[in-house]
Amino acid sequence: MKKSSNQFLLISFMISYICFGVILYYEIAFNYIFTNSLYQALFLLGCLGPLISTFIVHALNKEHLGGIKGFIAKLKIIKSPKSIFLIPLFLIAHYGFAILLKGVYKYGNPIDFFRYLPLMIVILGSQEIGWRGLLQPANEEKNGFWKSSITTGLFWSLWFLPLIYIPQFIILPQFYAQFAAYLVGVSILLTTLYKLSGSIMYCVLLSSLIFALFPVIVLKQSFMLVVIALVDAIVANTFKDKIFN
């Protein structure tokens, strides 16, 4: 991997693991985090680790990444009507097959989607600027589409690891392996969208939509998460070589 991608991983994990580590050390339940301003700030800072890291890495690598201007350039939306169409298509495929395969544990209040969407854009969607916009392309130069997408998904799952052990977190520790596979599937889907659209902001939106639906379409924490990942990979393979722009 390039020096920049190594820097991204080091800074991201350092920021996030320290913040999440403090929460874990004091055994703070996930639901309690949002009732305490200090732990809420720590959680938010931890979630913003990959975004902050991406900004720092761009600043440190002005020659290769364009510095701060290069970071800002990644935030521009490239107009691609056909690629925009892929966002609802991928979202429907992701959750639609889960519903058809009876992989849904329960359904929540649809209003929760609109409540959580702004938060998901900030704490998870924004991470795509680093995961898909920086790390994955650096890996792809050496390992190709599939290996780089899977590797990025695995690093993403490692980033989630301390969160899994926070009491009352939405994912139970005993299903971490299945959740890691699930994230690899999502990673492949997001990478495909990025390659087809050329704009990381589409990935920010799709990632935010997927996680905002988590409380509304609650998936079974079982091997079904692996099946959904395989479905995502099949959908991605269907579209990854098409040219829309």
Side-chain angles (χ1 to χ4, degrees), residues 2 4-5 7-9 11-12 15-16 44-45 47-59 61-62 64-95 113-141 145 148-149 152-153 155-156 159-160 183-214 232 235-236 238-245:
K2 285 184 176 180
S4 57
S5 61
Q7 291 173 336
F8 167 74
L9 289 172
I11 298 171
S12 295
I15 294 173
S16 300
L44 179 60
L45 180 60
C47 289
L48 291 176
L51 177 63
I52 296 171
S53 176
T54 306
F55 183 86
I56 294 173
V57 170
H58 274 79
N61 297 272
K62 187 176 181 179
H64 302 293
L65 299 176
I68 306 304
K69 290 183 179 179
F71 175 83
I72 295 174
K74 278 189 168 68
L75 306 182
K76 293 181 180 179
I77 298 177
I78 300 174
K79 293 182 180 180
S80 176
K82 291 183 179 179
S83 295
I84 293 175
F85 169 74
L86 290 176
I87 294 177
L89 179 63
F90 284 178
L91 190 65
I92 291 171
H94 180 80
Y95 278 107
F113 168 78
F114 299 99
R115 288 175 53 202
Y116 286 108
L117 181 58
L119 179 63
M120 291 300 108
I121 291 174
V122 174
I123 67 173
L124 289 178
S126 66
Q127 295 184 10
E128 288 303 301
I129 303 170
W131 295 121
R132 238 60 56 183
L134 185 62
L135 180 63
Q136 192 279 329
N139 284 333
E140 186 170 357
E141 290 181 6
F145 172 85
S148 61
S149 298
T152 301
F155 276 122
W156 195 18
W159 179 88
F160 267 97
L183 290 178
V184 168
V186 175
S187 174
I188 295 171
L189 206 60
L190 290 168
T191 301
T192 300
L193 179 61
Y194 183 40
K195 291 181 70 67
L196 293 174
S197 66
S199 175
I200 198 62
M201 298 309 292
Y202 294 126
C203 297
V204 170
L205 180 55
L206 179 58
S207 177
S208 303
L209 291 171
I210 288 174
F211 288 107
L213 280 170
F214 247 49
D232 285 346
V235 172
T238 302
F239 287 91
K240 75 178 183 69
D241 295 323
K242 296 186 181 299
I243 299 175
F244 289 108
N245 298 318

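When a residue number appears, it is its place in the shown sequence, counting from 1.
Counting all heavy atoms, side chain and backbone alike, V204 lies closest to S126 at CG1-N, 4.2 Å. Between S5 and L135, the shortest heavy-atom contact is CB-CD1, 3.6 Å. Pairing each heavy atom of T192 with each of A236, the nearest pair is OG1-CB, 3.2 Å. For I200 against E128, the heavy-atom pair with the smallest separation is CD1-O, 3.3 Å. When all heavy atoms of G130 and T54 are compared, the pair lying nearest together is CA-OG1, 3.1 Å. Heavy-atom minimum distance, S208 versus I121: OG-CA, 3.2 Å.
Judged by distance alone, the side chain of S53 and the main-chain N or O of G49 form no donor-acceptor pair under 3.5 Å. When atom types are taken as modelled, the side chain of T152 and the backbone of S148 share a donor-acceptor pair closer than 3.5 angstrom. No side-chain donor-acceptor contact under 3.5 Å links Y202 to the backbone of L196. With hydrogens and angles disregarded, a donor-acceptor distance shorter than 3.5 Å links the side chain of Q127 to the backbone of C47. Although no hydrogens or angles enter the test, the distance criterion places no donor-acceptor pair under 3.5 Å between the side chain of S149 and the main chain of T191.
Within the 4.5 Å cutoff, side-chain heavy atoms of S187 are placed close to those of R132. Using a 4.5 Å cut-off on side-chain heavy atoms (C-beta onward), P50 and F8 make contact. A 4.5 Å side-chain heavy-atom check between H64 and K2 finds every atom pair outside the cut-off. The closest side-chain heavy-atom distance from I123 to F211 is not below 4.5 Å. With contacts defined as side-chain heavy-atom distances shorter than 4.5 Å, the pair Q7/N61 qualifies. With a 4.5 Å cut-off on side-chain heavy atoms, V186 and L206 do not count as touching. Residues L75 and I129 form a side-chain contact, since some pair of their non-hydrogen atoms from C-beta on lies under 4.5 Å apart. The closest side-chain heavy-atom distance from L124 to L119 is not below 4.5 Å.
Here CG of L205 is found 10.0 Å from CD1 of I210. Values are rounded to the nearest 0.5 Å. Rounded to the nearest 0.5 Å, atoms CD1 (I56) and CD1 (I11) are 5.0 Å apart. Here CG of L65 is found 5.0 Å from OG of S4. Values are rounded to the nearest 0.5 Å. One finds the CH2 atom of W156 at 13.5 Å from the OG atom of S12 (value rounded to the nearest 0.5 Å). To the nearest 0.5 Å, atom CD of residue Q136 and atom CD1 of residue I188 are 10.5 Å apart.
Residues K74 and H58 have side chains that bring a donor and an acceptor to within less than 3.5 angstrom of each other. A donor-acceptor contact under 3.5 angstrom links the side chains of S16 and W159, judged on distance only.
Aromatic ring orientation, F90 versus F239: perpendicular (interplanar angle above 60°, classes split at 30° and 60°).
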*Go through I52 and L45 one step at a time and tell me if the side chain to side chain contact (heavy atoms under 4.5 Å, CB included) criterion holds.*
CA-CA 9 Å; I52 296 171; L45 180 60; 3.6 Å; yes
_I'd like to know whether V235 forms a side chain to side chain contact (heavy atoms under 4.5 Å, CB included) with L89, so could you lay out the CA-CA distance, the side-chain angles of the two residues, the decisive distance to 0.1 Å, and finally the verdict._
CA-CA 10 Å; V235 172; L89 179 63; over 6 Å; no
_W131 vs L190, test: side chain to side chain contact (heavy atoms under 4.5 Å, CB included). Steps then yes/no._
CA-CA 10 Å; W131 295 121; L190 290 168; over 6 Å; no
_Apply side chain to side chain contact (heavy atoms under 4.5 Å, CB included) to residues L213 and L91 and explain how you reach the verdict._
CA-CA 10 Å; L213 280 170; L91 190 65; 4.0 Å; yes
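In this structure, K240 satisfies the cation-pi test against F145, with its NZ or CZ atom closer than 6.0 Å to the six-membered ring centre and inside 45 degrees of the ring normal.
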